[in-house]
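Below you'll find the structure, written out as structure tokens, and then a few comments.
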Amino acid sequence: MPRIVRPSTYGTPDVLTVIEVPTPRAAAGEVVVEVRAAGVNPIDWKLYSGAFHTVDEDHKDAAGIAASMPSLGLECAGVVTEVGADVTGVQVGDEVIVYPVTAAYADYVTAPATSIFAKPAEIDWARAGSVMLTGTTAVHALHAAGVGAGDTVLVHGGAGGVGLMAVQLAAAAGATVIATAAERNHALLRELGASPVVYGPGLADRVKSAAPQGITAAVDFAGTDEALDVSLELVPDRTRIASIAGSPRRAEAGIKVLGYGPGQDAGTELRAAARGDLIERAASGTLRILVDTTFPLDQAAKAHEVGIAGHAPGKLVLIP
Ligand SMILES: NC(=O)c1ccc[n+]([C@@H]2O[C@H](COP(=O)([O-])OP(=O)(O)OC[C@H]3O[C@@H](n4cnc5c(N)ncnc54)[C@H](OP(=O)(O)O)[C@@H]3O)[C@@H](O)[C@H]2O)c1
């Protein structure tokens, strides 16, 4: 029987459980994809951390898991195994990139046809399954901060999944890029076209030394007070600071807060529109997708432990 990984309740990665389920079927407008790689993202462990919801024990599904527990896996790549009614341009056997999707931590997943993109042969499975969430977030943040040629942009968290995308896209747009990261990631960031600086006390001074011409925009993928404070100190126009983290201070600061909370900008259309271009860039090699580690599907908990530790330079990916 096909497998799916679900949290059995809210908690830490040890609540992740592999259960067997029937192969899903495609409704009208949907396709079924046999998953070859599913990207791991921080939202995956946040969803069952208890930060957003609490468990409703009253409604249990066939596996004895509360029906209100979230499904995991918002992006993947794989092979189409069934095409529902009213779907055109997709065939059984097609190799595809799928985003957005839910429940991709699985052997098979259903997805709306609008989430299906042809996978270029140049992109291997692990990269194809992990390009979209970070890539579209980076596009959104750079757009929100208005980053383009002639800018000097500060990227907080430059060595994370989103940061590595943003660094490359900003450099490709003609911006000068200063990126914060731990020292061991500096060589990689230089290779990708950024000037790296270590985060931590004294950050503003290090950024000023790296960019004596001044910082015109900042994108924050670290979500720390330090990232907010240094951005506010160095960027003259607050509307050119974008953060993926919500916090009361950010909400009051007059910066752009991107996400799904009240008053935040989800950028749904912009992110959706960015998918084709990201795939083209990845296929041509102008956008490098850096995979740190792959894990078998049944080691999703281990992948989450590594992710929660927070310092993997590149993507964590599940391979069913
Ligand atoms: N709102 C949205 O739409 C949205 C979308 C995607 C992601 N996110 C959020 O964005 C954040 C980053 O996501 P991700 O996928 O890039 O995560 P990730 O791949 O786990 O990267 C996190 C990076 O943060 C860096 N870091 C750790 N502590 C830091 C600090 N104090 N200052 C600066 N950098 C620090 C680490 O780099 P070093 O190894 O160099 O320390 C690490 O590589 C997560 O919180 C995620 O939930 C939000």
Side-chain angles (χ1 to χ4, degrees), residues 13 39-49 51-52 72 74-75 99-100 129-145 154-169 178-190 192 194 196-204 206-207 218-231 242-247 250-251 255-272 274 278 289-293 303-317:
V40 171
N41 291 285
I43 185 67
D44 299 340
W45 54 82
K46 290 179 184 177
L47 278 172
Y48 66 88
S49 67
F52 301 144
L72 303 182
L74 299 177
E75 63 178 338
Y99 182 75
S130 61
V131 57
M132 283 296 194
L133 195 148
T134 53
T136 55
T137 304
V139 169
H140 185 196
L142 293 172
H143 178 86
L154 174 59
V155 178
H156 296 280
V162 184
L164 288 166
M165 293 285 190
V167 160
Q168 295 179 76
L169 293 168
I178 314 296
T180 73
E183 183 95 46
R184 68 183 180 287
N185 295 322
H186 286 197
L188 171 63
L189 285 167
R190 278 193 204 95
L192 299 177
V197 291
V198 174
Y199 53 79
L203 175 60
R206 287 191 292 281
V207 174
V219 286
D220 164 25
F221 309 122
T224 56
D225 282 347
E226 175 186 76
L228 177 62
D229 291 336
V230 170
S231 300
S243 176
I244 48 67
S247 69
R250 283 174 171 77
I255 68 168
K256 307 264 180 71
V257 181
L258 315 181
Y260 303 93
Q264 299 180 3
D265 172 18
T268 309
E269 284 173 24
L270 194 135
R271 292 185 190 209
L278 287 166
I289 304 153
L290 291 125
V291 172
D292 184 68
T293 316
H304 281 200
E305 282 163 14
V306 173
I308 289 166
H311 297 287
K315 294 302 301 174
L316 307 172
V317 184

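Both ligands and their constituent atoms are indexed starting at 1 by order of listing. Just the heavy atoms: all of them, side chains too, but no hydrogens, waters or symmetry mates, feed the values below.
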Subject >> Donor-acceptor contact below 3.5 Å, side chain T180 vs main chain V198 >> reply: no
Subject >> Within reach of ligand 1, part of A227 (heavy-atom separation under 4.0 Å) >> reply: neither
Original post:
Counting both backbone and side chain atoms, is some N or O of Y199 under 3.5 Å from an N or O of ligand 1?
Top reply: yes
Original post:
Which is it for R184 and ligand 1 at heavy atoms under 4.0 Å: side chain, backbone, both or neither?
Top reply: side chain
Original post:
So, D44 side chain and N41 main chain: donor-acceptor pair closer than 3.5 Å or not?
Top reply: yes
**OP:** Mind listing the closest non-hydrogen atom pair of V197 and V207 along with its distance?
**Re:** CG2-CG2, 4.0 Å
**OP:** Could you tell me how the ring of H304 sits relative to the ring of W45: parallel (under 30°), tilted (30 to 60°) or perpendicular (over 60°)?
**Re:** perpendicular
**OP:** Using a strict cut-off of 4.0 Å, indicate which atoms of ligand 1 neighbour a heavy atom of L133.
**Re:** 6 (C)
Original post:
Short N/O distance, under 3.5 Å, between N185 and ligand 1?
Top reply: yes
**OP:** Quick one: look at K46 and ligand 1, take heavy-atom pairs under 4.0 Å, and tell me if it's side chain, backbone, both or neither.
**Re:** side chain
Original post:
Would you say G307 and ligand 1 have an N/O pair spaced under 3.5 Å apart?
Top reply: no
Original post:
Below 3.5 angstrom, do we get any N/O pair linking G161 and ligand 1?
Top reply: yes
**OP:** Write out the residue and atom name of the closest protein heavy atom to atom 10 (O) of ligand 1, then the distance separating them to 0.1 Å.
**Re:** I244 CD1, 3.1 Å
Original post:
Closest approach of E75 and M132, non-hydrogen atoms and distance?
Top reply: OE1-N, 3.0 Å
Subject >> Residue part near ligand 1, for V162, under 4.0 Å between non-hydrogen atoms >> reply: both
Subject >> atom 40 (O) of ligand 1 [closest protein heavy-atom partner, distance rounded to 0.1 Å] >> reply: A182 N, 2.7 Å
Original post:
Under 4.0 Å from ligand 1, counting heavy atoms only, is it the side chain of L258, its backbone, both or neither?
Top reply: backbone
**OP:** Record the part of T224 in heavy-atom contact with ligand 1 below 4.0 Å; permitted values are side chain, backbone, both and neither.
**Re:** side chain
Subject >> Nearest-0.5 Å distance, NE2 of residue H156 to OG1 of residue T224 >> reply: 7.0 Å
**OP:** With sequence neighbours excluded, tell me which residues meet ring pair (Phe, Tyr, Trp, His ring centres under 6.0 Å) with Y99.
**Re:** none
Original post:
So how far is it from L258 CG to H143 NE2, rounded to the nearest 0.5 Å?
Top reply: 10.0 Å
**OP:** Provide, to 0.1 Å, the distance between atom 15 (O) of ligand 1 and the closest protein heavy atom, together with that atom's residue and name.
**Re:** P42 CD, 3.4 Å
Original post:
Considering G158, A159, G160, G259, which one's heavy-atom position lies nearest to atom 22 (C) of ligand 1?
Top reply: G160
Original post:
Can G310 be said to touch ligand 1, with heavy atoms closer than 4.0 Å?
Top reply: yes
Subject >> Set of side-chain contact (heavy atoms from CB on, under 4.5 Å) partners for A182, sequence neighbours left out >> reply: R184, N185, Y199
**OP:** Name the closest protein heavy atom to atom 12 (C) of ligand 1, giving the residue it belongs to and the distance to 0.1 Å.
**Re:** F221 O, 3.4 Å
Original post:
CG/D220 to CD1/I255 distance, rounded to the nearest 0.5 angstrom?
Top reply: 7.0 Å
Subject >> ligand 1-proximal atoms of A222, by part, heavy-atom distance under 4.0 Å >> reply: side chain
**OP:** Heavy-atom distances under 4.0 Å are what count here, so tell me which part of R271 touches ligand 1: side chain, backbone, both or neither.
**Re:** side chain
Original post:
N/O of H311 under 3.5 Å from N/O of ligand 1, yes or no?
Top reply: yes
Original post:
Is the shortest distance from a heavy atom of A312 to ligand 1 less than 4.0 Å?
Top reply: yes
Original post:
Based purely on interatomic distance, does A181 place a nitrogen or oxygen under 3.5 Å from a nitrogen or oxygen of ligand 1?
Top reply: no
Subject >> G200 backbone acceptor or donor facing E226 side chain under 3.5 Å >> reply: yes
Subject >> Verdict with reasoning, L164 to L188, per side chain to side chain contact (heavy atoms under 4.5 Å, CB included) >> reply: CA-CA 9 Å; L164 288 166; L188 171 63; 3.9 Å; yes
Original post:
Any sub-3.5 Å donor-acceptor pair from R206's side-chain atoms to P196's backbone N or O?
Top reply: no
**OP:** Compare T137, D265, V230, I308 and give the one whose heavy atom is closest to atom 6 (C) of ligand 1.
**Re:** T137
Original post:
What's the shortest heavy-atom distance between I289 and S130, and which atoms?
Top reply: CG2-OG, 4.0 Å
